[in-house]
S.K.: 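I'd like to ask you about the structure that follows.
Bear in mind that the values here come from a model prediction, so they are computed numbers and not experimental data.
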Amino acid sequence: MKEVIKNIVKESIKKIYNIDTNPQIQLPKEESFGDFASNVAFLLSKPLKQKPQDIANNIADSLKNMPYFEKVEALNGFVNMKLSNSFYEKLLFDFLENPIDYLKDEAIFEAFGIKKEDKINLEYVSANPTGPLHLGHGRGAVIGDVLYRLFRFFDIKVDREYYINDAGNQVNLLTKSILHYIDKDKYPFPKDGYKGDYVKDLAEEFLKDHPSKENINFEELKDFAISKMMEDIKNTLKLLNIEFDTYFSERTLKDDVERVLKLLEEKNAIEEKEGAIWFKSKDEDKDRVLRKSDGSYTYFASDIAYHLNKYERGYKKAIDLWGADHHGYIPRLKSALEVLGIPSDWLSVELFQIVRLFKDGQEVKMSKRTGEMIKLQEVIEDLGADNLRFMFLTKKADTPLDIDINLVKAQNSENPVFYVQYAYARTMGIKRQLKEPFVFGFYKDNYTYEEEEIDLIKRILSSKDMLFDGIVKKDPSLVVKLSLDIAKSFHKFYNTHKVITQDETTTKKRISLVYATQKIFDIIFDILNIKAPEVM
RNA sequence: GUGUCUGUAGCUUAAUGGAUAAAGCGCAGGUCUCCGGAACCUGAGAUUGCGGGUUCGAAUCCCGCCAGACACGCCA
């Protein structure tokens, strides 16, 4: 949409001044300024040595007579454009002829800095297999999943990956904790060990197949625990309709880790001291340990190896989704990757902030059932997958999120999920009401539109820019915002105008609008991966 | 202490360096002889933490201060 306007303005400037520009098109703050505005006159002011207002006047004059615009005016140096209803109508029917084609945009590849054949790696969740998923993991999982669906919608090739930390200290610690519950006398509970009922459950389950408490094979127990935990994690993710293309095991990196150390050594980026091997960072004031004095590798070392591995698998870009508490770790990793010759914009790390749960104004921290940390699975069971998915995306990832249980269960417009789904249910209601000769679809014609109708059309058409932005900014919350915007416009339209009237032309016009609303919702719900309810 | 980030209506949040800072909740007042009122409309409410600077223009960029979160481990 913006792109269309941009090219029109660009052409016009070329005609007047014979120069190439890249005019910015923005949505004006105030409605009376029109539908689109450009500040291009300010930018041309210096090179042309003319007042912004004069330039804006010239541009406005040349745009005025075009059929796209109802009104073009130069105000305070801005060029304000109001599109004609007929132009909006044309775009609306373009959309209706083929919604998906209308929304897709080849320009996304360039905007995102890739070519069409390039593949992206999207890594998220990657929770340690040392316990069940909790609420925070859910947020990362849903953000990742919707991001994936957005990419896919625009035909960007992307693989979803889950990195399993099955090699380090933590899984050993889990195994030792289980051992303790197998034989309390023989194995003391380890320092910083894992508590919680699931550890005891793992011990009991292991004993089913291994009745003897003697001669327990540590590695066997560890494998057992990891596979059980991953099974549990996958089941929970499944409840949110989330799956992965690849589960990547840290253990398979052993050779890569050693290779990384050699490569870093060649670049003179490591140093041995106090029996350990350190990475000499240029970007940080502190050196970081890669290999501990006991000979084992740190998480940092395998993480470098893991990302090198991804890079060598041919991905043009890698996106990682991390909890915001890891933000200090980013410069370290990027710095090491740069030493290995991987450009710093290859990897982008998106952070998401913590999630808290509230009920009756009080934060809920512990599960009533078990007295432990609330498991993601419990929250899904309580609130429903669709509600939770939607709620996770009501704010930008980088903003802390509070979820109010009472709100999510409320059946009114304060509940954003309800508000949007109710709008959809209303479109279905209209569909059910239609009688001969009307059918639910669209009727192409030249109509005159009233304020609420044209507003709804604008909202629907704005989806193109909004989804585009969602990818460029890697911000899936824009999809939820879009759904709320459209729902609002639709409710207002619905409240002001009857769809089924005595007048045939008016009825056909409004059926077309309701139909368009439903079509865009179908697409949005599909990207969000939530159900579109026919009745509520 | 050092680093990163954040500070916007009473609350929760928006705002590619652009015009009179925008929504939702809350508050006050309204709207169907209604295709789903489970909805809609109107209004009041802001010195964008404080002080400087950069420029045609700053919530946004730079500097200083104040407040908060997070990170600073041979954990992951």
S.K.: When you match A:G328 and A:H497 each to their closest nucleotide on RNA chain B, which lands nearer the 5' end?
M.R.: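 That would be A:H497.
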S.K.: Please classify the nucleic acid contact of A:I25 as base, sugar-phosphate, or nothing, using heavy-atom distances under 4.0 Å.
M.R.: base
S.K.: Provide the distance between the two P atoms, one in B:A28 and one in B:C63, to the nearest whole Å.
M.R.: 46 Å
S.K.: Please name the residue in the list A:D35, A:L63, A:I25 that meets the side chain to side chain contact (heavy atoms under 4.5 Å, CB included) test with A:I5.
M.R.: A:I25
S.K.: For A:K375, check salt bridge (Lys or Arg N to Asp or Glu O under 4.0 Å) against everything at least two apart and list the hits.
M.R.: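 With neighbours one apart ignored, the set is empty.
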S.K.: Of all of residues 479-494 of chain A, which get a heavy atom below 4.0 angstrom from RNA chain B, listed by number?
M.R.: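 By residue number: A:K488, A:H491, A:K492, A:Y494.
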S.K.: Could you work out the separation of B:C41 and B:C50 based on their C1' atoms and round it to a whole Å?
M.R.: 40 Å
S.K.: Under a 4.0 Å heavy-atom cut-off, which of residues 350-363 of chain A touch RNA chain B?
M.R.: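 Hits under 4.0 Å, by residue number: none.
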S.K.: Each nucleotide N or O in nucleotides 72-76 of chain B that has a protein N or O under 3.5 Å away: list the pair and distance.
M.R.:
| unit_1 | atom_1 | unit_2 | atom_2 | d |
| --- | --- | --- | --- | --- |
| B:C72 | O3' | A:K286 | NZ | 3.3 |
| B:C72 | O2' | A:K286 | NZ | 2.4 |
| B:G73 | OP2 | A:K286 | NZ | 3.2 |
| B:C74 | O2 | A:S293 | N | 2.6 |
| B:C74 | O2 | A:S293 | OG | 2.8 |
| B:C74 | N3 | A:S293 | OG | 3.1 |
| B:C74 | N4 | A:E274 | O | 2.6 |
| B:C75 | OP2 | A:K292 | NZ | 3.0 |
| B:C75 | O2' | A:Q170 | NE2 | 2.7 |
| B:A76 | OP2 | A:Y299 | N | 3.0 |
| B:A76 | O2' | A:N128 | OD1 | 3.4 |
| B:A76 | O2' | A:N128 | ND2 | 2.6 |

S.K.: Whole angstrom is fine here: how far is it from CG in A:D455 over to P in B:C40?
M.R.: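 A:D455 atom CG is separated from B:C40 atom P by 13 Å.
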S.K.: Name the pairs: protein N/O against N/O of nucleotides 17-21 of chain B, kept only if under 3.5 Å.
M.R.:
| unit_1 | atom_1 | unit_2 | atom_2 | d |
| --- | --- | --- | --- | --- |
| B:G18 | N7 | A:N39 | ND2 | 2.9 |
| B:A19 | OP2 | A:K29 | NZ | 3.0 |
| B:A19 | N6 | A:N80 | OD1 | 2.9 |
| B:A19 | N1 | A:N80 | OD1 | 2.9 |
| B:A19 | N1 | A:N80 | ND2 | 3.0 |

S.K.: Check RNA chain B for consecutive Watson-Crick or G-U pairs with both distances under 3.5 Å and list the runs of at least three as stems.
M.R.: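 B:1-7 with B:66-72, B:10-13 with B:22-25, B:27-31 with B:39-43, B:49-53 with B:61-65 - these are the stems of 3 or more pairs that involve RNA chain B.
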S.K.: Between B:G7 and B:A15, how far apart are the two C1' atoms, rounded to whole Å?
M.R.: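 To the nearest whole Å, 16 Å.
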S.K.: Could you check how far CD of A:E414 sits from C1' of B:C25, rounded to whole Å?
M.R.: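 After rounding, the reported distance stands at 7 Å.
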S.K.: Which whole number of Å gives the distance between the C1' atom of B:U8 and that of B:A59?
M.R.: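 That atom pair is separated by 7 Å.
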S.K.: What nucleotide, of B:G36, B:A39, B:C70, holds the atom closest to the side chain of A:N495?
M.R.: B:A39
S.K.: Taking only residues at least two apart or on different chains, which pairs with a member in residues 413-436 of chain A satisfy salt bridge (Lys or Arg N to Asp or Glu O under 4.0 Å)?
M.R.: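 For residues 413-436 of chain A: none.
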S.K.: Using the six-membered ring wherever Trp is involved, compare the ring planes of A:W322 and A:H307 and label them parallel, tilted or perpendicular (cut-offs 30° and 60°).
M.R.: perpendicular
S.K.: Between atom CZ in A:R426 and atom P in B:A39, what is the gap in whole Å?
M.R.: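 Result: 8 Å.
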S.K.: Are A:H497 and A:E452 close enough that a side-chain donor and a side-chain acceptor fall under 3.5 Å?
M.R.: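 Note: A:H497 and A:E452 side chains meet the donor-acceptor criterion.
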S.K.: When you compare the side chains of A:N58 and A:Y17, does any donor N or O come within less than 3.5 Å of an acceptor on the partner?
M.R.: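 Yes - a donor-acceptor pair under 3.5 Å links their side chains.
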S.K.: Any protein N or O atoms within reach of nucleotides 9-13 of chain B? Criterion: under 3.5 Å, listing atom names and distances.
M.R.:
| unit_1 | atom_1 | unit_2 | atom_2 | d |
| --- | --- | --- | --- | --- |
| B:U12 | O3' | A:K395 | NZ | 3.3 |
| B:U12 | O2' | A:K395 | NZ | 2.7 |
| B:U13 | OP1 | A:K395 | NZ | 3.1 |
| B:U13 | OP1 | A:P400 | O | 3.4 |

S.K.: Taking side-chain contact (heavy atoms from CB on, under 4.5 Å) as the definition, give me every residue that meets it alongside A:S281, ordered by chain and number, with sequence neighbours left out.
M.R.: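 A:S281 satisfies side-chain contact (heavy atoms from CB on, under 4.5 Å) with A:F279, A:D283, A:E284, A:S335 once adjacent residues are dropped.
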S.K.: Suppose you measure atom P in B:A22 against the same atom in B:C62; what distance do you get, rounded to whole Å?
M.R.: 25 Å
S.K.: At under 4.0 Å between heavy atoms, what does A:A423 touch on the DNA or RNA strands: base, sugar-phosphate, or nothing?
M.R.: nothing
S.K.: Got a sec, which residues hit side-chain hydrogen bond (donor to acceptor under 3.5 Å, both in side chains) with A:E161, two or more places apart in sequence or on another chain?
M.R.: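 Result, side-chain hydrogen bond (donor to acceptor under 3.5 Å, both in side chains) vs A:E161: A:N121, A:Y306, A:R313.
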S.K.: Expressed in whole Å, how much space separates the C1' atoms belonging to B:U42 and B:U54?
M.R.: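 That atom pair is separated by 43 Å.
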S.K.: A:R459 has an atom CZ; how far is it from atom P of B:A23, in whole Å?
M.R.: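 Taking atom P of B:A23 as the reference, CZ of A:R459 is at 10 Å.
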S.K.: Using atom C1' of each nucleotide, how far apart are B:G57 and B:G64 to the nearest Å?
M.R.: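 The answer is 24 Å between these two C1' atoms.
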S.K.: Is any side-chain heavy atom of A:E272 less than 4.5 Å from a side-chain heavy atom of A:W278?
M.R.: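 A:E272 vs A:W278: side chains apart.
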S.K.: Please determine, by modelled atom types, if A:K6 and A:N22 share a side-chain donor-acceptor pair under 3.5 angstrom.
M.R.: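 On atom types as modelled, these side chains qualify, holding a pair under 3.5 Å.
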S.K.: I'd like the P distance from B:U47 over to B:G10, given in whole Å.
M.R.: 8 Å
S.K.: Whole angstrom is fine here: how far is it from CD in A:Q518 over to P in B:G36?
M.R.: 14 Å
S.K.: Got a donor-acceptor contact below 3.5 angstrom from the A:T298 side chain to the A:V289 backbone?
M.R.: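 Yes, the answer is positive, given that a donor and an acceptor are paired below the 3.5 Å cut-off.
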S.K.: Angle class for the A:H180/A:F189 ring planes (parallel below 30°, perpendicular above 60°, tilted otherwise)?
M.R.: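 Answer is perpendicular, since the angle exceeds 60°.
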S.K.: Just by distance, no angles: are the side chains of A:N172 and A:K222 close enough, under 3.5 Å, to form a donor-acceptor pair?
M.R.: yes
S.K.: Just jot down the side-chain contact (heavy atoms from CB on, under 4.5 Å) partners of A:T507, sequence neighbours excluded, or say none.
M.R.: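 Counting only residues at least two positions away or on another chain, A:T507 forms a side-chain contact (heavy atoms from CB on, under 4.5 Å) with A:F438, A:T501, A:I511.
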S.K.: Who pairs with A:T427 by side-chain hydrogen bond (donor to acceptor under 3.5 Å, both in side chains), at least two apart in sequence or on another chain?
M.R.: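 Partners of A:T427 by the side-chain hydrogen bond (donor to acceptor under 3.5 Å, both in side chains) criterion, ordered by chain and then number, come out as A:Q518.
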S.K.: Measure the distance from OH on A:Y419 to C1' on B:C25 and round it to the nearest whole Å.
M.R.: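 It is 13 Å, rounded to the nearest whole Å.
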S.K.: Taking atom C1' of B:U4 as reference, at what distance in whole Å does atom CH2 of A:W322 sit?
M.R.: 14 Å
S.K.: Would you indicate what A:Q411 reaches in the nucleic acid, counting non-hydrogen atoms under 4.0 angstrom: base, sugar-phosphate, or nothing?
M.R.: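 Counting heavy atoms under 4.0 Å across all strands, the contact made by A:Q411 includes a base.
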S.K.: Using only atom types and a distance under 3.5 Å, with no angle test, would you say the side chain of A:H327 pairs donor to acceptor with the backbone of A:A324?
M.R.: yes
S.K.: Can you find a side-chain donor-acceptor pair between A:Q170 and A:Y194 that sits under 3.5 Å?
M.R.: yes
